Amino acid sequence: PAHGTGAEFDVTALAAQQTPWWNRTLCAVNDAWVRIGVMEGDFHWHKHDDTDEFFLVLEGHLDIELQDRTVSLDPGQAFTVPRGVMHFPRARGRSVVVMLEKAGVVPTGS
C-alpha cells in the first residue's frame, strides 16, 4: 500500500470495475490500512484478535451479524467491530465497503 504519497484515487471508479468478492488495500494511514471491498452474499464467521475493524458502506447494504445482534448499514453508515469479537458480514446485493484496520491484518480473520 502507498504510504503518505499524497496520491489521489477515485474509489467509486475503482469499485465500479470490480466484481464480488474483491478486496484491495488502497493506502496506509499511520499504522492502519484503508481497504475497499466489493461484496455480495455471505462471508463467514471470523474475528481479529489484535485489531478493531471499521466498516463504512458506500454502495448497497451490509449486515454485520454479531453473536448478540445484527448491525444493518446503508450507504453513509458505519460500524466498528471491536477486536476479538466474532462477526459475519453479509452483503445484500452488490455492496461497496471501505474498511479501516491495523496494517498487516489478515482480511479473512481467524
Side-chain angles (χ1 to χ4, degrees):
H3 290 270
T5 60
E8 64 181 74
F9 36 84
D10 186 328
V11 175
T12 303
L14 187 61
Q17 300 168 15
Q18 309 306 324
T19 58
W21 284 78
W22 180 83
N23 190 325
R24 178 75 44 86
T25 300
L26 295 173
C27 64
V29 178
N30 300 316
D31 296 328
W33 281 346
V34 179
R35 301 177 67 86
I36 184 172
V38 178
M39 310 170 179
E40 187 169 1
D42 297 349
F43 195 52
H44 60 82
W45 281 103
H46 69 285
K47 63 182 173 135
H48 306 281
D49 289 325
D50 300 321
T51 184
D52 302 329
E53 186 173 22
F54 172 83
F55 294 87
L56 168 63
V57 175
L58 298 182
E59 299 174 26
H61 182 91
L62 183 69
D63 287 332
I64 302 173
E65 290 188 35
L66 306 172
Q67 291 179 318
D68 62 344
R69 66 188 169 120
T70 299
V71 176
S72 294
L73 303 174
D74 287 318
Q77 296 181 321
F79 179 72
T80 300
V81 177
R83 67 192 67 198
V85 172
M86 291 293 290
H87 57 288
F88 184 113
R90 183 183 307 253
R92 285 199 242 147
R94 184 180 187 279
S95 300
V96 178
V97 180
V98 170
M99 293 154 286
L100 184 65
E101 51 204 14
K102 184 178 176 181
V105 72
V106 177
T108 55
S110 58

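For reference, positions follow the sequence shown, starting with 1. The basis for the numbers below is simple: all heavy atoms, side chains too, and nothing from hydrogens, waters or symmetry mates. Keep in mind that this is a model prediction, so the values were computed, not measured.
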Which residues pass the side-chain contact (heavy atoms from CB on, under 4.5 Å) test with Ala32, not counting sequence neighbours? Leu100
Going by ring-ring contact (aromatic ring centres under 6.0 Å, His included), name the pairs with one or both residues in residues 84-104, residues two or more places apart or in two chains. Trp45-Phe88, His46-His87, His48-His87
Roughly how far, to the nearest 0.5 Å, is the CD atom of Glu53 from the CD atom of Glu101? 4.5 Å
Determine whether Phe9 and Cys27 satisfy the following criterion, side chain to side chain contact (heavy atoms under 4.5 Å, CB included), listing intermediate values before the conclusion. CA-CA 10 Å; Phe9 36 84; Cys27 64; 3.9 Å; yes
For Met39 and Val97, what are the C-alpha separation, side-chain angles and deciding distance, and is it a side chain to side chain contact (heavy atoms under 4.5 Å, CB included)? CA-CA 8 Å; Met39 310 170 179; Val97 180; 4.0 Å; yes
Could you tell me whether a side-chain N or O of Thr51 sits under 3.5 Å from a main-chain N or O of Asp49, the two making a donor and an acceptor? no
For Asp31, all residues meeting side-chain contact (heavy atoms from CB on, under 4.5 Å), sequence neighbours excluded: none
Over all heavy atoms of both residues, which pair between Gly41 and Trp21 is shortest? Give the atoms and the distance, please. O-CZ2, 3.5 Å
Please tell me whether Arg35 and Thr25 have a donor and an acceptor in their side chains that are separated by less than 3.5 angstrom. yes
Trp22 meets the side-chain contact (heavy atoms from CB on, under 4.5 Å) criterion, sequence neighbours left out, with Leu14, Gln18, Arg24, Ile36, Val38
Tell me, please, which residues at least two apart from Pro82 pass side-chain contact (heavy atoms from CB on, under 4.5 Å). Asp52, Val85
Residues 54-63, side-chain donor-acceptor partners within the protein, below 3.5 Å, at least two apart:
{"unit_1": "His61", "atom_1": "ND1", "unit_2": "Leu73", "atom_2": "O", "d": "3.2"}
{"unit_1": "His61", "atom_1": "ND1", "unit_2": "Asp74", "atom_2": "OD1", "d": "2.5"}
{"unit_1": "His61", "atom_1": "NE2", "unit_2": "Asp63", "atom_2": "OD1", "d": "2.8"}
{"unit_1": "His61", "atom_1": "NE2", "unit_2": "Arg92", "atom_2": "NH2", "d": "3.0"}
{"unit_1": "Asp63", "atom_1": "OD1", "unit_2": "Ser72", "atom_2": "OG", "d": "2.7"}
{"unit_1": "Asp63", "atom_1": "OD1", "unit_2": "Arg92", "atom_2": "NH2", "d": "3.3"}
{"unit_1": "Asp63", "atom_1": "OD2", "unit_2": "Arg92", "atom_2": "NE", "d": "3.0"}
{"unit_1": "Asp63", "atom_1": "OD2", "unit_2": "Arg92", "atom_2": "NH2", "d": "3.1"}

What are the two closest heavy atoms between Pro89 and His44, and how far apart are they? CD-O, 3.9 Å
With side chain to side chain contact (heavy atoms under 4.5 Å, CB included) as the criterion, how do Ile64 and Thr70 come out once you've worked through the C-alpha distance, each side chain's angles and the decisive distance to 0.1 Å? CA-CA 6 Å; Ile64 302 173; Thr70 299; over 6 Å; no
